[in-house]
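Report on the structure given below.
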Amino acid sequence: MIRTRFAPSPTGYLHIGGVRTALFNWLLARQSGGSFVLRIDDTDAQRNVSEALQPILDGFRWLGIDWDEGPDVGGTHAPYYQSQRAESHVAAAERLLASGHAYRDYARPEELQQLRQQAERDKVAFVYDRRWMATDDEQARRFEAEGRVAVVRLKMPRQGDCVIDDLIRGEVRVAWASEQDHVIRRADGTCLYHLASVVDDHDLEITHVVRAEEHLPNTPRQVFILESLGYQRPVYAHLPYVAEPGGTAKLSKRKLKQYLKNQDFAALMRHGESIAERANLEIDSDTFNPVIVDFYREIGFLPEAILNYLLLVGWALDGERERFTVDEMTQLFSLDRVTKSPASFDPQKLLSFQAERMAELPIDERVKLVLPFAEKAGWVTSEADRQRVRAVTAAAGERIRVAGDILDFDFCFIADDQLNYDAKAFQKRIVGASGAIELLNGFAARIDSIQPWNAATTEASLKQYCAEQEVGIGQIIHALRVAVTGTAVGFGMFDTLEILGPAAVRTRIAAAVAKAQN
RNA sequence: GGCCCGUUGGUCUAGCGGCAGGACACAAGGUUCUCAGCCUUGCGGCGCGGGUUCGAUUCCCGCACGGGUCACCA
């Protein structure tokens, strides 16, 4: 029975790289009928754990990554907050002390600091000579009489190698001598991550530790702890990290500014900001960026698109197939096809997955996704408005890549006198196009005769008008588009006319003609 | 700096000793009332040096480069 876990610290946001790691863990559990556990690594005494945790849980829920055990859902191995398991950590530290795998160390921080600096000056690797190690109670009392307080340190081996069998990297061999006597328990009695992590993984019966490769250098000390405690080793798999756009360094939330120099990343960011602005979203400037999952939810991405994209960051089935539903990825994922090298985050490819998924959604689904954005923009106050949103969504088709893109079609919703004209297009298609104004007026004169008013009838009427005037349809259609939408680009002209209705079309043509003659 | 990991077009990747393939992006053409889309075509890659071999992107060694990590953080 496979049991995997994802163990976030409550930081207030869900990082895209973390999602990838969680996804792989989740897939592994789901495909084998095992369990996926969410454990909260909050040993670093945070103040608002629940507040900082909420965005993470919300993010996973939105993505559809559910957990069998963990916060909110509980489980047979509760509690799932590392801070609430402190007793177990302390007991483990005591056992390590008793078995001689750890020792009480009375060094003062500044003394250690000095030794480290000395080693650096001498250009030798720092190895603590354990000079403040208490070998017995009496010595401990002597140190304590000097006002010293003890931390608990691992008494690491200084001979031989630690061999880690990694499912992704193969055999990794590290000399024990290159390891430090890591502190596992602070002077205040609380325990540190490495101890806590190993003990919790054991207590939660985690079978597969699948995590980012930055943890690989931590593994020997964890192996030492768990073997000293007599635990069985989990299977290890260290994933390559998700790298920054166009680079090879680890993707980090802190380097947003730097990523904005990357064109594709900047384009995604602008895309998001423009949606947020037009939908009057209350965004948290701290988490509204493409490194954080919230960003995608806010602007209307589909969870499946994100999961599919992330699946392919560091994993490939055969190098050909790239599209997977969640069920398919659950069935087909395997750790032995995980890549060894870091993969850089590619905003364009993510968007292309998103666009594809969005395009194949039934219209009802798309309307459901798009509607909240139209509502936030203040466009929807009646059933007629809702129908119009639907009509625009259908007409826009694949132009709506993320749900928030509905906002591109504001010309269908705003009052006629609020229309903004693209100056360049207006100049080129109306002012500067000979005969454009006459043609617009001529078509406007026929509006009343078009009944019923829809895409087919407006098209027939306009074509007939063009034939009578002996002009190509292109002669009028560009001018008409600018006149009624304000821009030179958009979806089909006749869909546009149908949606706007005869009154708006007449008013807008008149306004454009007046403006052009001014 | 020590230790560890990695290196196939701009990006994600396939490749398990025999003509380096796919996807995104990019470019050109076609289609449409514009845009998007779609179709066709194109551009572009095995970090370097040795070795083994008839033959190396593939196996071995070295180097270079990139990255991760070295806390009383997680």
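What you see below is based on every heavy atom in this structure, not just the backbone, and it leaves out hydrogens, waters and symmetry mates. Just so it is clear: chains get the letters A, B, ... in the order the sequence lines come, proteins before strands, and each one is counted from 1.
- Contact annotation: side chain of A:R169 to base of B:rC5, donor-acceptor pair absent below 3.5 Å.
- The same atom, C1', is picked in B:rG15 and in B:rC54; the two are 22 Å apart, to the nearest Å.
- No hydrogens or angles considered: a donor-acceptor pair under 3.5 Å links the side chains of A:T190 and A:R186.
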Between A:W453 and A:I447, is a side chain to side chain contact (heavy atoms under 4.5 Å, CB included) present by the stated rule, with each step listed?
CA-CA 9 Å; A:W453 178 272; A:I447 289 175; 3.7 Å; yes
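- Distance alone, capped at 3.5 Å, is enough to place a donor-acceptor pair between the A:D42 side chain and the A:S83 backbone.
- The only option from A:T219, A:V338, A:I168, A:L167 that meets the side-chain contact (heavy atoms from CB on, under 4.5 Å) definition with A:H238 turns out to be A:T219.
- Comparing the same atom, C1', in B:rC12 and in B:rC48 gives a spacing of 25 Å after rounding to whole Å.
- B:rU58 sits 11 Å from B:rG18 when the P atoms are compared, rounded to a whole Å.
- Nucleotides B:rG17 and B:rC59, compared at atom C1', are 8 Å apart to the nearest Å.
- Taking a pair to require two hydrogen-bonding distances under 3.5 Å in either a Watson-Crick or a G-U wobble arrangement, B:rA56 remains unpaired.
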Distances under 3.5 Å between nitrogen or oxygen atoms of protein and nucleotides 62-64 of chain B:
none

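- Annotation: proximity of residues 117-132 of chain A to RNA chain B (heavy atom, distance under 4.0 Å) is found for no residue.
- No contact: A:G474 has no heavy atom under 4.0 Å from any strand.
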Test A:Y309 against A:S352 for side chain to side chain contact (heavy atoms under 4.5 Å, CB included), laying out the working first.
CA-CA 9 Å; A:Y309 171 70; A:S352 119; over 6 Å; no
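- Rounded to whole Å, the P atom of B:rG68 lies 47 Å from the corresponding atom of B:rG30.
- Between A:L497 and A:V505, the closest heavy-atom pair is CD2-CG2, 3.8 Å.
- Remark: B:rG6 base-pairs with B:rC65. Criterion, Watson-Crick or G-U wobble with two distances under 3.5 Å.
- In this structure, the CG atom of A:N262 is 15 Å from the P atom of B:rA25, given to the nearest Å.
- Taking atom NE2 of A:H238 as the reference point, atom P of B:rC5 lies 12 Å away to the nearest angstrom.
- Taking a pair to require two hydrogen-bonding distances under 3.5 Å in either a Watson-Crick or a G-U wobble arrangement, B:rA14 remains unpaired.
- Here, B:rG29 and B:rC35 have their P atoms 12 Å apart, quoted to the whole Å.
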Going 5' to 3' along nucleotides 69-74 of chain B, which nucleotides have protein heavy atoms under 4.0 Å from the base (write B), which only from the sugar-phosphate (write S), and which from neither (write -)?
S-SBSB
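- A:R481 has its CZ atom 8 Å from the P atom of B:rU34, to the nearest Å.
- Residues satisfying the salt bridge (charged side-chain N to carboxylate O under 4.0 Å, His left out) test with A:D181, not counting sequence neighbours, are A:R130, A:R158.
- Atom P of nucleotide B:rC24 and atom CZ of A:R357 are separated by 14 Å, given to the nearest angstrom.
- Following rounding to the nearest Å, A:Y465 (OH) and B:rC33 (C1') show an atom-to-atom distance of 16 Å.
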Checking A:V402 against A:M358 for the side chain to side chain contact (heavy atoms under 4.5 Å, CB included) test, could you report, in this order, the C-alpha distance in whole Å, the side-chain angles of both residues, the deciding distance, and whether it holds?
CA-CA 7 Å; A:V402 304; A:M358 193 64 138; 5.5 Å; no
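- Using the Watson-Crick or G-U wobble rule with both distances under 3.5 Å, B:rC43 pairs with nothing in any strand shown.
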Could you write nucleotides 7-17 of chain B as a row of B, S and -, 5' to 3', where a protein heavy atom under 4.0 Å of any base atom gives B, of only sugar-phosphate atoms gives S, and otherwise -?
S---BBSSS--
Do A:S252 and A:Y259 pass the side chain to side chain contact (heavy atoms under 4.5 Å, CB included) test, and can you show the C-alpha distance, the side-chain angles, and the key distance before you say yes or no?
CA-CA 10 Å; A:S252 144; A:Y259 301 158; 4.0 Å; yes
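- Remark: A:R104 fails to qualify as a cation-pi partner of A:Y106 under the 6.0 Å distance and 45° angle criteria applied to the six-membered ring.
- Distance CZ (A:F411) to P (B:rU34): 16 Å, rounded to an integer number of Å.
- In summary, the side chains of A:R270 and A:S274 do not present any donor paired with an acceptor at a separation below 3.5 Å, with no hydrogens or angles considered.
- Taking atom C1' on both B:rC43 and B:rG10, the two are 12 Å apart, rounded to the nearest angstrom.
- Both A:V174 and A:I477 lie close to RNA chain B; mapped to their nearest nucleotides by heavy-atom distance, the more 5′-ward contact belongs to A:V174.
- Residue A:F353 is classed as having no contact, given no heavy-atom separation below 4.0 Å to the nucleic acid.
- Between the side chains of A:D105 and A:Y128, at least one donor N or O lies within less than 3.5 Å of an accepting N or O.
- If you measure from atom CZ of A:R399 to atom P of B:rU32, you get 15 Å, rounded to the nearest angstrom.
- The CD1 atom of A:I168 sits 15 Å away from the C1' atom of B:rC4 (whole-angstrom rounding).
- The residue A:R429 sits apart from the nucleic acid: no heavy atom pair falls under 4.0 Å.
- Smallest separation of non-hydrogen atoms from A:I499 and A:A395: CD1-CB, 4.1 Å.
- Partner A:K250 forms a side-chain hydrogen bond (donor to acceptor under 3.5 Å, both in side chains) with one of A:E214, A:E244, A:E213 and no other, that one being A:E214.
- Nucleotide B:rA74 is matched to nothing when pairs are restricted to Watson-Crick or G-U wobble geometry with both distances under 3.5 angstrom.
- Applying the side chain to side chain donor-acceptor pair (under 3.5 Å) criterion to A:Q118, with sequence neighbours excluded, gives A:R121, A:D122.
- For the P atoms, the distance linking B:rG37 with B:rA23 amounts to 16 Å, nearest Å.
- Note on ring orientation: taking the six-membered ring where Trp is involved, the planes of A:F345 and A:F265 are perpendicular (angle over 60°, cut-offs 30° and 60°).
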